[in-house]
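Any value given below was found using the heavy atoms of this structure, including those in side chains, with hydrogens, waters and symmetry copies removed. A quick note: this is a predicted structure, and the numbers were derived from the prediction, not measured.
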Number of protein chains: 2
Amino acid sequence: MASEHSIDSSEPSADFEILVHGARQGQKPQLRLWLRMLSITKMISQEIRRRLRVEFGATLPQFDLLAQLYRAPEGLKLSELSRRMMVTNGNITGLADRLEADGLIVREMLNGDRRVTVAKLTRRGRETFSIMAKAHEGWLRDLMADVDEGALAESLAHLAKVKASANRRLVED
Amino acid sequence: MASEHSIDSSEPSADFEILVHGARQGQKPQLRLWLRMLSITKMISQEIRRRLRVEFGATLPQFDLLAQLYRAPEGLKLSELSRRMMVTNGNITGLADRLEADGLIVREMLNGDRRVTVAKLTRRGRETFSIMAKAHEGWLRDLMADVDEGALAESLAHLAKVKASANRRLVED
DNA sequence: CCGCGATCTTTGACATCTAAAGCATCCTGT
DNA sequence: ACAGGATGCTTTAGATGTCAAAGATCGCGG
């Protein structure tokens, strides 16, 4: 505890733990884990966001959208993009507008179904994303450089359970 | 792998993993852990956000701000709030505006220093937050109900390392 | 006592987000 | 056929987020 707290009390990062009505030591482990994941993702997201902006003039949601398309050479329906990115449909419209204006993606209505729009990476989008992704991966390796492989692997396994649990509650109700 | 994927492929939640330029099995564990944390926090955040909205007409950032003040009976400077919530100063202004309009917090300029504004919970803010926090804690227990205490404890410990690592990189550079 | 950098909050321009409504298009059952 | 529900995208209103710059105030050194 002392070590954990010493990190936060002297740094500009937030300490969410022990802040929500009395979460303590062994108490309320779900709440503690939740708050810890939140503070980590917030902290790292901001750094990634900052680097994407200064090094590539891009935003994190834009990077995310490009990543989805990079893995789908045939392109994706906008609604499929919104499902995979876990954002609402309305969100994708503006995001795709900007990326299309930047020439990184194109919208196509090739289907017989005129309701459907498919987004694809352009050649430039593919090249740009490829460079960004390599940098992005390096940033993460750097940020987690002090974490041993064992801890990474175990976290990955445990968090799979967390994800499965939350998933189950969210779809089976 | 199969089990992990089976969860995602049939559900409306995103599968970030295996999506960013070829992250695979034992490869790039940092990237995989990052994407997993991201998808979990996104998934759970949306559920929490939804419940806060339908049950209390509140938003997650508002809940977060109230939580910070709840733990600080003397109130907090707006800049201290922004530090703890890990958002920029400009963000706090509007957030505090709305909460003040709702009568949940007050801004006071009691100091000799007229630059400083301190935000405090009102009685109503304290009572409201207290109820929301209890519900919030229950939601999390429910969402993580299938995760055994051991996995929770180990995740907590491992993620402390991740947090410390990221923290170190972000402040020592 | 005065200037000038440091500190604190707000403002302004934009990009993301959500929820909900609006439109167009498709498809199915009769 | 065709009415009506389902599906897919966009639009709207409002909240949140960033960054950068503007204002206000403080405090210290000369």
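At the heavy-atom level, B:L60 lies nowhere under 4.0 Å from the strands shown. When heavy atoms are screened at a 4.0 angstrom cut-off, A:S79 is found touching the sugar-phosphate backbone but no base atom. B:I92 comes within 4.0 angstrom of nothing in the nucleic acid, heavy atoms only. Across all strands shown, B:T93 has heavy atoms under 4.0 Å from base atoms, whether or not it also approaches the sugar-phosphate.
Taking B:K77 as the reference, nothing meets the salt bridge (charged side-chain N to carboxylate O under 4.0 Å, His left out) condition, with sequence neighbours excluded. Qualifying side-chain hydrogen bond (donor to acceptor under 3.5 Å, both in side chains) partners for B:R126, counting only residues two or more places apart in sequence or in other chains: none. Contacts of A:R141 classified as side chain to side chain contact (heavy atoms under 4.5 Å, CB included), with partners at least two apart in sequence or in another chain: A:E137, B:Q30. In this view, B:E47 and B:R50, B:R51 satisfy the salt bridge (charged side-chain N to carboxylate O under 4.0 Å, His left out) rule, not counting sequence neighbours. Scanning for salt bridge (charged side-chain N to carboxylate O under 4.0 Å, His left out) contacts around A:E127 gives A:R123, with sequence neighbours left out. A:R114 is linked by a salt bridge (charged side-chain N to carboxylate O under 4.0 Å, His left out) to nothing, counting only residues two or more places apart in sequence or in another chain.
Put simply, CG on B:L78 is 13 Å from C1' on C:dT7, counting in whole angstrom units. Spacing between atom CD of A:E100 and atom C1' of D:dT10 amounts to 14 Å, rounded to whole angstrom units. The CG-P distance, from A:L81 to C:dT16, rounds to 14 Å in whole Å. If you measure from atom CG of B:D97 to atom C1' of C:dT9, you get 11 Å, rounded to the nearest angstrom. One can place NZ of A:K77 at 17 Å from P of C:dT25, the figure rounded to the nearest angstrom. Atoms CZ (A:R83) and C1' (C:dT18) sit 19 Å apart, rounded to a whole Å. C:dT16 atom C1' lies 10 Å from atom NZ of B:K42, rounded to whole Å.
Checked against a 6.0 Å centroid threshold, the rings of A:F56 and A:F63 do not count as neighbours.
One cannot find a donor-acceptor pair under 3.5 Å joining the base of C:dT9 and the side-chain atoms of B:R115.
For residues 92-104 of chain A, the side chain to side chain donor-acceptor pair (under 3.5 Å) pairs, not counting sequence neighbours, are A:D97-A:R107, A:E100-A:R107.
Comparing B:L95 and A:T117 against DNA chain D, the residue whose closest nucleotide sits nearer the 5' end is A:T117. Where A:G112 and A:T59 each meet DNA chain C at their nearest nucleotide, the meeting point lying more 5' is that of A:T59.
Distances shorter than 4.0 Å separate none of the side-chain N or O atoms of B:R114 from OP1 or OP2 on D:dA24.
Put simply, the side chain of A:R36 gets close to the backbone of B:L156: a donor and an acceptor are under 3.5 Å apart. A distance-only check finds a donor-acceptor pair linking the side chain of B:S165 to the backbone of A:L143 [under 3.5 Å].
Listed by residue number, the members of residues 101-109 of chain B with any heavy atom below 4.0 angstrom from DNA chain C are B:R107.
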Query - nucleotides 18-23 of chain D: protein proximity per nucleotide (B base, S sugar-phosphate only, - neither; heavy atom, under 4.0 Å) - result: BSS---
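Nearest nucleotide to the A:Q62 side chain, out of C:dA15, C:dC17, D:dC9: C:dA15.
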